[in-house]
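Below is one structure; the comments refer to it alone.
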Amino acid sequence: MFNSISIPNSVSILKKTIFLILCFCCIHFIHAQDPNAFRVGTVKHRLSLGPVASFYKNHPQHTVNTQGQVGFCASYKAEFVLVGKTNFIIGMDYLNEGLTFQGYYTKPGYTYLFDNTFAYTHDIRFQEIQIPLGLKKSFTIEKDKYYSAYALLGVGGRYLFSSYY
């Protein structure tokens, strides 16, 4: 007789560890802030790269064990200095994200019975581009401050350009 020993899934632990490290080491570059960077009409450029965590909910009759997969985001944003502490932001974000779940499978044109077996594991991964447009209102003057609080209000377009199932 063999005794079974529960060994944690080392790949899953490795992925979670890498994601946690990336969260703490998120890279965020901005250009050097010269004294003229806050004059009306100037443009500040921002590049960023960081991890993405996806959160999804199960549909109780169709899926179980839904889990988001670790992804990443890269973005460029141009910030146009307007009057006062208000700026206009436009940019482009690239996101790579996904999920896995257990559910049903059916061929097109066939029906199936919801018998709660959830026999098939599905893996979905997609890539998208987002174009955000927004107004940024700072609560303090940002000049000569390393951190500053602000509110951001805007809209954006989203385009899924690649996915697999």
Side-chain angles (χ1 to χ4, degrees), residues 8-9 11-103 121-165:
N9 185 347
V11 174
S12 177
I13 292 172
L14 179 63
K15 284 181 182 178
K16 290 177 183 176
T17 303
I18 290 172
F19 179 75
L20 186 62
I21 290 169
L22 287 174
C23 284
F24 287 114
C25 301
C26 183
I27 302 168
H28 188 81
F29 299 102
I30 59 173
H31 77 319
Q33 306 251 345
D34 61 22
N36 297 322
F38 296 93
R39 285 194 345 224
V40 173
T42 59
V43 180
K44 297 188 263 184
H45 303 279
R46 301 179 185 273
L47 294 172
S48 63
L49 174 68
V52 172
S54 302
F55 301 96
Y56 298 95
K57 290 178 75 174
N58 286 315
H59 185 289
Q61 294 174 334
H62 297 244
T63 63
V64 294
N65 299 329
T66 301
Q67 295 180 348
Q69 296 175 346
V70 175
F72 70 93
C73 174
S75 70
Y76 164 77
K77 297 216 175 40
E79 187 173 336
F80 298 89
V81 178
L82 302 177
V83 294
K85 297 182 261 181
T86 305
N87 298 339
F88 175 73
I89 296 177
I90 185 169
M92 184 168 73
D93 299 330
Y94 165 80
L95 284 94
N96 183 318
E97 54 193 325
L99 70 141
T100 60
F101 63 92
Q102 289 178 282
T121 300
H122 303 272
D123 183 19
I124 300 174
R125 194 96 189 145
F126 51 93
Q127 300 174 46
E128 66 182 88
I129 295 286
Q130 294 181 358
I131 309 290
L133 301 171
L135 286 176
K136 173 183 158 186
K137 180 68 174 172
S138 297
F139 298 125
T140 61
I141 296 174
E142 293 181 317
K143 187 175 182 180
D144 299 327
K145 292 199 166 111
Y146 194 69
Y147 296 104
S148 61
Y150 62 87
L152 185 62
L153 177 68
V155 297
R158 175 181 180 204
Y159 176 69
L160 292 173
F161 67 88
S162 173
S163 64
Y164 75 81
Y165 170 74

Residue pair His122 / Leu99, side-chain heavy-atom distance below 4.5 Å: no
Approximate separation, where rounding is to 0.5 Å, of Asn87 CG and Thr42 OG1: 8.0 Å
Between NZ on residue Lys77 and CG on residue Asp93, distance to nearest 0.5 Å: 3.5 Å
Distance, nearest 0.5 Å, that separates CG of Leu152 from NZ of Lys136: 8.5 Å
Test log, rule side-chain contact (heavy atoms from CB on, under 4.5 Å), inputs Phe80 and Ile90: CA-CA 8 Å; Phe80 298 89; Ile90 185 169; 3.7 Å; yes
Any Phe126 side-chain heavy atom under 4.5 Å of Glu97 side chain: yes
Evaluation steps, side-chain contact (heavy atoms from CB on, under 4.5 Å), between Phe88 and Leu133: CA-CA 8 Å; Phe88 175 73; Leu133 301 171; 4.1 Å; yes
From Ile129 atom CD1 to Arg158 atom CZ, the distance as rounded to the nearest 0.5 Å: 12.0 Å
Rounded distance [0.5 Å steps], CD in Gln102 versus OG1 in Thr66: 9.0 Å
Ile141 atom CD1, over 12 foreign heavy atoms within 6.0 Å: no
Residue pair Val52 / Cys73: nearest heavy atoms and the distance that separates them: CG2-CB, 3.5 Å
Neighbour count >12 (heavy atoms, 6.0 Å) for atom OH, Tyr76: yes
Exercise: identify the closest heavy-atom pair between Leu160 and Glu128: CD2-CB, 3.5 Å
Ring geometry between Tyr94 and Phe161 (parallel below 30°, tilted from 30 to 60°, perpendicular above 60°): tilted
Non-hydrogen atoms of Tyr56 and Gly68 that approach each other most closely: CD1-CA, 4.2 Å
Neighbour count >12 (heavy atoms, 6.0 Å) for atom CG, Leu153: no
side-chain contact (heavy atoms from CB on, under 4.5 Å) assessment of Asn96 paired with Arg125: CA-CA 8 Å; Asn96 183 318; Arg125 194 96 189 145; 3.0 Å; yes
Spacing of Lys137 atom NZ and Leu82 atom CG [to the nearest 0.5 Å]: 10.0 Å
